[in-house]
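Note that this is a predicted model, so its numbers are computed, not measured.
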Amino acid sequence: PETGGAVSGGLTATMSEHGLVSAFFPGMVQESRGRLALAARLGGSWGHPAWNGTLTLRDAAAVVPAAGIHLQGIALQARLSGEDLRIDSFKVRSGKGELTGTGRLILHGWHPQAFSGSVKGKDFQLIHLPELQVSIDPDLAFSGTRQQLKVRGRILLPSVLVTGPQRSSMVAPSGDVVVVDMTKRAASPSPFELDVQIEIELGKEVLVRAMGVDAHLAGKVAVHASGAKRVTGSGELRIVKGTYSAHGVHLQIVRGRVLFAGGPVDQPTLDVLAQRTVGDVQAGVQVSGTPQQPQVKLVSTPAMPDTDILSYIVLGHPLSQ
């Protein structure tokens with residue numbers, strides 16, 4: 001056919017989807033299903049065809065084993081005008097909440113050139129595993145190209161439950177251990193430049209019950225990411241109320257803060273005080289430093305030797321008694 005010759009046509013289709021999404025995301029998504037409806041029109045020329053039409057997805061569902069969640073009620077309304085694809089509406093349910101969103105994708109020669117969109121939600125169950133359960137209320141806007149991704153907005157975590165064993169069964173090697181002839185994995189470059197600025201806030205039901213800690217957390221952190229390994233944070237997370245128990249010892253966490261001062265998000269400053277009160281004596285442990293290099297010391301009111309502090313913590317009276 002001549003590239004300048006006119007072309008026209010139409011296509012309508014209704015079909016059931018059983019496993020197509022699973023094929024595109026093997027090991028991540030299982031048991032996908034849904035109903036697709038397509039209505040498309042073809043115009044323009046052989047050299048520059050122009051598609052216009054609508055795509056509707058409804059009654060779709062999928063299982064995400066890695067997160068332990070079952071996505072239901074997936075629905076999408078999209079329309080294509082030339083090389084401009086607009087998602088007028090999108091929604092998905094998980095747990096007792098749902099996500100909704102809109103989006104736009106600009107194509108050039110049927111290759112993605114730019115995109116934008118927004119996502120909002122309420123009580124959306126993001127993770128539902130025995131050791132970790134997380135629900136989120138996101139309010140995010142994103143845009144970008146094939147070279148850059150930009151994200152702005154806020155994520156509220158209304159409900160988080162962290163559980164686990166009371167103590168670890170493994171001992172990590174110290175930092176000065178060197179494994180001879182160990183093959184180092186080359187760091188995979190990021191597919192595009194990141195520009196992420198979001199505020200993460202803890203809601204009223206954020207609980208940690210693991211490694212001897214039973215605590216209720218609150219606070220918020222502003223996170224900025226310019227790359228997969230360049231993530232910084234500013235803000236504070238704090239323990240509203242909590243206890244620490246181990247080997248028959250029960251300490252009240254009277255102060256617990258994790259401070260982010262604009263540095264790497266995995267290197268905050270710790271400020272924790274857990275103590276036991278016996279009469280007029282307060283004996284406990286104070287933790288400072290960072291999670292990688294915590295600094296732990298015994299403290300008491302009134303001041304006393306470490307042996308007596310330990311005795312009060314463990315036995316409830318000084319060593320002399």
Side-chain angles (χ1 to χ4, degrees), residues 127 131-132 134 136 151-168 170-177 187 194-246 249-277 282-301 303-304 306 309-310 313:
I127 302 174
E131 67 278 9
L132 179 61
V134 180
I136 63 171
V151 183
R152 296 289 187 273
R154 173 176 177 268
I155 298 177
L156 172 67
L157 306 178
S159 174
V160 177
L161 177 61
V162 181
T163 59
Q166 292 301 303
R167 58 185 179 182
S168 175
M170 297 182 64
V171 177
S174 61
D176 58 352
V177 172
L194 290 178
D195 181 11
V196 178
Q197 295 184 28
I198 59 175
E199 183 181 81
I200 300 176
E201 182 175 359
L202 304 187
K204 297 181 178 180
E205 299 181 6
V206 178
L207 305 175
V208 176
R209 295 170 179 166
M211 304 296 292
V213 175
D214 187 350
H216 174 202
L217 274 63
K220 58 184 176 182
V221 178
V223 177
H224 176 241
S226 57
K229 295 185 178 181
R230 298 187 300 275
V231 184
T232 60
S234 300
E236 174 184 325
L237 302 181
R238 63 186 182 277
I239 295 177
V240 178
K241 183 179 181 181
T243 60
Y244 176 75
S245 303
V249 176
H250 302 279
L251 302 179
Q252 192 75 25
I253 301 176
V254 297
R255 185 177 71 247
R257 298 191 302 166
V258 182
L259 305 173
F260 300 83
V265 74
D266 61 344
Q267 297 179 23
T269 300
L270 303 177
D271 179 21
V272 182
L273 174 62
Q275 65 185 21
R276 179 180 181 179
T277 302
Q282 296 175 335
V285 179
Q286 180 175 302
V287 184
S288 58
T290 66
Q292 292 80 9
Q293 295 181 329
Q295 299 175 8
V296 184
K297 68 176 183 179
L298 299 174
V299 294
S300 67
T301 304
M304 62 184 70
D306 285 355
I309 297 176
L310 281 174
I313 291 174

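Of all the heavy atoms in Asp195 and His224, the pair that sits closest is OD1-NE2, 3.9 Å. Between Val221 and Glu236, the shortest heavy-atom distance links the atoms CG2-N, 4.2 Å. Considering all non-hydrogen atoms of both residues, Leu156 and Pro158 come closest at O-CD, 3.1 Å. Nearest heavy atoms, Ile239 versus Ala215: CG2-CB, 3.8 Å. Annotation for Leu157 and Val206: closest pair O-CG2, 3.6 Å, computed over non-hydrogen atoms.
Using modelled atom types, no side-chain atom of His250 and backbone atom of Arg276 make a donor-acceptor pair closer than 3.5 Å. In this structure a side-chain-to-backbone donor-acceptor pair under 3.5 Å is missing from Arg230 to Leu194. Counting only distance, with no hydrogens or angles, the side chain of Gln292 and the backbone of Asp266 share a donor-acceptor pair below 3.5 Å.
Salt bridge annotation for Lys297-Asp306: absent, with no cationic side-chain nitrogen under 4.0 angstrom from a carboxylate oxygen.
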Kindly list each side-chain donor-acceptor pair under 3.5 angstrom involving residues 284-291, sequence neighbours excluded, with atom names and distances?
residue : atom : partner : partner atom : Å
Thr290  : OG1  : Gln293  : N            : 3.1

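Residues passing the side chain to side chain donor-acceptor pair (under 3.5 Å) test with Asp271 are Arg255, Arg257, sequence neighbours excluded.
Among Thr277, Ile309, Val254, the one residue that satisfies the side-chain contact (heavy atoms from CB on, under 4.5 Å) test with Gln282 is Thr277. When Val208, Leu207, Val160, Val240 are each tested for a side-chain contact (heavy atoms from CB on, under 4.5 Å) with Leu217, only one passes: Val208.
Distance check, rounded to the nearest 0.5 Å: CE of Met211 to OG of Ser245 gives 13.0 Å.
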